[in-house]
Amino acid sequence: MSSGPWDNWDRTLPGSIPLHDVRMPTRAAVLEQTRGPGAPQAHLLGREQVVVGRTEGDIRIASAELSRSHMRIARKGPEYVCIDLDSSNGIYLNGVKIHSAVLREGDHLQLGDVIFVFHAGA
Amino acid sequence: MSLFVKFWGTRGSIPTPGPATSRYGGNTACVEIRTDEALLICDGGTGLRELGQELLQRAGGAPIEGHLLFSHPHWDHIQGFPFFTPAYQPANTFTIYGFKAGDQRIFQLLSGQMRSDYFPVDFSELSATIRAAELPEGRGQIRDVAVRALPQLHPGGSWAFAFESQGRKVVYATDHELDLLLPDRDASLRDPHAPRQLPDELVEFVRGADLLVADGQYTDDEYRRKIGWGHPRATTCVDLAIAAGVKQLAITHHDPMQTDTDVERKIYACRARAVLRASDLVVFAAREGVELKLA
């Protein structure tokens, strides 16, 4: 029988193969505010849930077209989901009025006169 | 009092995972329609699996009652059913509808795809209560939702569904080759800008919908090579929606060869057609994970 590297294929051999880093992404997503009071500015979505509102929540924007508590963005695993909190003017995702949505890179979210661009984390 | 519509699978023919389709999604046909009293599920493509997970989360251990309406039994509309986890839990109840007297074909095919040749778990092992029911003459009431069904033009046949509840109307009409119904199809292919006239029965079925979820698999160019395959030009859906006074048109059943960019180009063409017709119709691409509230 010949001997070669495949003769030992059913045994685990010691080696030094570098493994890819498979940890979860750590850079949080960002809501880039491009219009409305305070724009331009970037809001880091660093928590599991972030609420956007006129007078309540984590991101407060003094716009009369925002409800007191307007939108929640929740992290679900690697994704971010926006949800309308029964606001008066609603949420428009890329121009379409929605109740909730899984967000994708570059999505435009319009809340009254406030516009955000969503940037996914990495 | 609200009516919710959520897209769980918007791809046609075959699942298309991968970065080129991540925006609009790669799961096949599945749409959830939810009212105060009823949970209706249109089609059980691969999107049904994730809907099942969310239903369990929402229920928090409480029993789930759902009503499943299948447009037809092609693979991309039934393939998710064996992976629908709520069907494996004894407290839950699901009703699967046929639309003619004695029609249990869908029920039988769903159980057939779980024979041991195809899948390791037999249909009889599903511990939820799963029953077949009929909406004779293609109409009936499911909880607080009035339901109508209309036969469509597709190889092997398919059904469109109209749902009305709380003064709102949603029509789900996938796998329907609208273009074969045009009185002068050849002329419409020669001059794609010419208006396309759909049959009165179909227009009346769709009439006044707050939302029409319609199969718009092909661009105008793609359709020339796919005539007779059972799917329309997306732009023909625009003409149907305008004729029927629809408020919003969600184009679904995206072709598996279409990337996210291709889907967006298809939607731009639909919007341009609506503008050409001086219509304020809202047209968008159905996208996995998006939920609308028709208040």
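These numbers come from the heavy atoms of this one structure, side chains and all, not from hydrogens, waters or symmetry mates. Labels below follow one simple rule: chain letters A, B, ... track the order of the sequence lines, proteins then strands, and each chain is numbered from 1.
Taking a 6.0 Å sphere around CZ of Arg143(B), one finds it holds 12 or fewer heavy atoms contributed by other residues, nucleotides or ligands. Atom CZ of Arg148(B) is surrounded by more than 12 heavy atoms from other residues, nucleotides or ligands within 6.0 Å. Atom CZ of Arg49(B) has 12 or fewer heavy atoms from other residues, nucleotides or ligands within 6.0 Å. Atom CZ of Arg47(A) is surrounded by 12 or fewer heavy atoms from other residues, nucleotides or ligands within 6.0 Å. Heavy-atom neighbours of Leu276(B) CG from other residues, nucleotides or ligands within 6.0 Å: above the threshold of 12.
Heavy-atom distances place no part of Ser2(B) under 4.5 Å from chain A, backbone and side chain included. For Phe7(B), no part sits under 4.5 Å from any heavy atom of chain A, backbone or side chain. Using a 4.5 Å cut-off between heavy atoms, Ile83(A) does not touch chain B at all.
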Tell me, with the steps shown, if Arg104(A) and Arg287(B) meet side chain to side chain contact (heavy atoms under 4.5 Å, CB included).
CA-CA 11 Å; Arg104(A) 301 291 179 215; Arg287(B) 165 173 148 177; 3.4 Å; yes
When you look at Val102(A) and Val290(B), which way does the side chain to side chain contact (heavy atoms under 4.5 Å, CB included) test go after all the steps?
CA-CA 6 Å; Val102(A) 176; Val290(B) 166; over 6 Å; no
Could you give me the CA-CA distance, side-chain angles and deciding distance for Val96(A) and Gln248(B), then say whether side chain to side chain contact (heavy atoms under 4.5 Å, CB included) is met?
CA-CA 9 Å; Val96(A) 177; Gln248(B) 295 189 90; 4.0 Å; yes
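Counting heavy atoms from C-beta outward, Arg23(B) and Asp107(A) have side chains that approach closer than 4.5 Å.
The structure places NZ of Lys293(B) at 7.0 Å from CG of Asp84(A), a figure rounded to the nearest 0.5 Å. Annotation: the span from Phe284(B) atom CZ to Asn94(A) atom CG amounts to 11.5 Å, rounded to 0.5 Å. Taken from CG in Leu294(B) to NZ in Lys97(A), the straight-line distance is 10.5 Å, to the nearest 0.5 Å.
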